[in-house]
Trainee: 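Attaching a single structure in structure tokens format; questions to follow.
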Amino acid sequence: MLKIFQKLVHVPNVYSKSTNSCIKTQMRCITAIGNRNDSISEPVEKRARLVATAINSTIRYSTATTVPVQKKKKMAKLTEQERAEQLQPLLDAGWSMVNGRDAIYREYIFQDFNQSFRFMTGVALLAEKMNHHPEWFNVYNKLQVTMSTHDVGGLSAKDIRMAKYMEEEFKRYA
Ligand SMILES: C[C@H](O)[C@H](O)[C@H]1CNC2=NC(N)=NC(=O)C2=N1
């Protein structure tokens, strides 16, 4: 039975996983039908042809609707224009360029250790969500933060986003 069937179903080389599992499921169900020895009047060949037509249309539909996987946007270093527009406000707010590195640095002072740790906890959750981590050092109520993107060897949009988040959060501790 399965031999008849494999001749009839044209599985394309490139198809989505869902099509593949769908075909496998339908093949299993056809084999089950084909192996049934009850009194179905249709000859096995005709049944296989009918079901193969159905599967081929399924394949045509699913490959026609297969959307190419979106490539992840490649991280890039900030351009001169992005630095002027996005980095400068942070430098005005208290961030500074790190000597000899394409990185930015900021020192935050809190009322006590609890406040600094609460601030760090919020930043840590964002860091995990963005998969982008600060270089930081905390002693009691002082937090020293350096931001740079190791993967591109300098400042990227991710550093801007995290630094802006920190500035917004820090306003709650003023
Ligand atoms: C493997 C892991 O995804 C990468 O190392 C991530 C993790 N966190 C990161 N954090 C920072 N600041 N820069 C990166 O390039 C970076 N890359």
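Owing to the predicted nature of the structure, the values given are computational and were not obtained by experimental measurement. The analysis underlying the following values was restricted to heavy atoms, covering all of them including side chains, and did not include hydrogens, waters or symmetry mates. Atoms within a ligand are numbered from 1 in the order they appear, just like the ligands themselves. Residue numbers run from 1 in the order of the sequence given.
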Trainee: I want to check something: taking the side chain as every heavy atom from C-beta on, are Thr146 and Arg101 in contact at a cut-off of under 4.5 Å?
Mentor: yes
Trainee: If you measure from the Lys or Arg side-chain nitrogens to the Asp or Glu carboxylate oxygens, is any gap between Arg106 and Glu167 under 4.0 Å?
Mentor: yes
Trainee: In order of chain and number, which residues sit within 4.0 Å of ligand 1 by heavy atom?
Mentor: Asn131, His132, His133, Ser148, Thr149, His150, Asp151
Trainee: Using a 6.0 Å cut-off, check whether atom CG of Asn99 has over 12 heavy atoms from anything other than its own residue.
Mentor: no
Trainee: Would you call Tyr173 and Arg118 a side-chain contact if the rule is heavy atoms closer than 4.5 Å?
Mentor: yes
Trainee: Do Asp159 and Thr149 have side-chain atoms, one donor and one acceptor, less than 3.5 Å apart?
Mentor: yes
Trainee: Measure the shortest side-chain to side-chain distance between Lys142 and Phe137 over non-hydrogen atoms and say whether it is less than 4.5 angstrom.
Mentor: no
